[in-house]
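Notes to accompany the following structure.
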Amino acid sequence: MQIKLQFLGAVQNVTGSRHFLEANGTRILVDCGLYQERQFRARNWDPFPVDPKKINAVLLTHAHLDHCGLLPKLVKEGFSGKIYCTPATAEIAKIILLDAAKIQEEDAEHKRKRHERQGRKGPYPEVPLYTTEDAEACFPLFEHVEYRESVNLGDGMETTFYDAGHVLGSSIIRVKVRQDSQERIILFSGDIGRPDRPIVCDPTVFDYADYVLIESTYGNRIHEEVADVEKTMGDVINAAIKAGGNIIVPSFALERSQEVLYYINELRLKNKIPEFKIFLDSPMASKITKVFKHHPELFDKEMTDYIKRHKSPFDLPGLQMAGTADESKAINSIKDSIMVIAGSGMCTGGRVKHHLVNNISNPKNTIMFVGYQAVGTLGRSIVDGIKEVRILGEKRKVEAKIIRIHGFSAHADRDELLDWLKEMEAPPRGVFVVHGETESARSFGNYVIKQTGWNVTVPEYQDEIVLD
Ligand SMILES: [Zn+2]
């Protein structure tokens, strides 16, 4: 067998997923993600290690920016093949890429103006990484693949997508390569979800693969035992309403916002909380929620049962999706207790900053965090108990209640990843640990070796391997 595998991103780091596979003259890329960690962002500007014109197809696991965010650059530099993904992934990726392009354009403009003021020229790029037009140029290349439908990629190479249970439409991708009379199966885990998450199904498990690329975002951690997300959220909401305050929820647009609505719906159905106004104040989250509404076939059993009883969390009584900036501003003048779900999830930008300015200094209000807060973000400072913040140039005392609800992770933890691997009935010829920081990837690799005795590797950036 002669199969070439090259690790072009998310190796000993979490973002920038890109894996290159070549066999029988067909060249494919699994994911084409943006690097988001500060120390790796320069790589977004590097020329592609493989000539985009010579890549036949892209297989896209899911619509998170660190998996799809470099597609516009790939297309701009000559890729013209198909981008295979599930229909939900295609719909969400389009929303996310347009948003990313807008941010790139705005950032470039800011830099240009700043450099002009300072009388500087470069070396920082004053042109966007890609523009809205570049993002739109990808759209005709998207080719829908349903779960478990096999697609022929070329001579002796086919692929099948399976539900990864991570975000709506997310996939684990299986590639089968045939050479002479032999066959090899390579499994790309993408991001693996967790069992019993709201809305999405459990991750698909596999009993056989020759080679596995497995993510390791939480490869060295066990998720805290979830006390009870639903009960905690119910208590927070009731306390805030009793106090006559608002609840501000900084949230990611994909999956997390919809999960918050899911829990509120459940609490409502059980009469645990009263009816109150909820604003999804994020144009991106609103658009993505519409994609969820288009794809009820992707929901798990509990969610499907809700929908059957006409109780969709996305049609909650009192739920309003704010669109324009004026609609967003109008939320401030509402006197009742309300909930505002707005981006960005770590308070680094977006409309949530305006809501924080207006709400964070009133002790009646609650800021409810439902996601990971990275070091160095405004969200992290607030969660860590900072007494005074500067938001949008305004100083504000932090007087509101700060609540952090655990249990929302969309990634499997160390033991869940191992459980997923151990569904294999025979040891794979090789396991490659990717999509985790060095410490996390190595620790998980060693753990798998200790638990199974399998052949496990933690590759380096741009490592090239011939699979036999
Ligand atoms: Zn993801």
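Please read all numbers here as calculations on a predicted model, not as lab measurements. All residue numbers in this chain count up from 1 along the given sequence. Both counts, for ligands and for their atoms, begin at 1 and track the order of listing.
The minimum heavy-atom distance linking Tyr84 with Ala57 is given by the pair CE1-CB, 3.8 Å.
Qualifying side chain to side chain donor-acceptor pair (under 3.5 Å) partners for Thr15, counting only residues two or more places apart in sequence or in other chains: Glu37.
Arg43 forms a cation-pi arrangement with Tyr461, by the criterion of a distance under 6.0 Å to the ring centre and an angle within 45° of the ring axis. By the 6.0 Å and 45° rule, Lys73 does not stack over the aromatic ring of Tyr130.
Protein N/O/S atoms found under 2.8 Å from the Zn ion (ligand 1): His62 NE2, His64 ND1, His166 NE2, Asp191 OD2.
Of the listed residues (Glu437, Glu439, Arg414), just one forms a side chain to side chain donor-acceptor pair (under 3.5 Å) with Asn220, and that residue is Glu439.
Residues His435 and His67 bring their aromatic ring centres within 6.0 Å.
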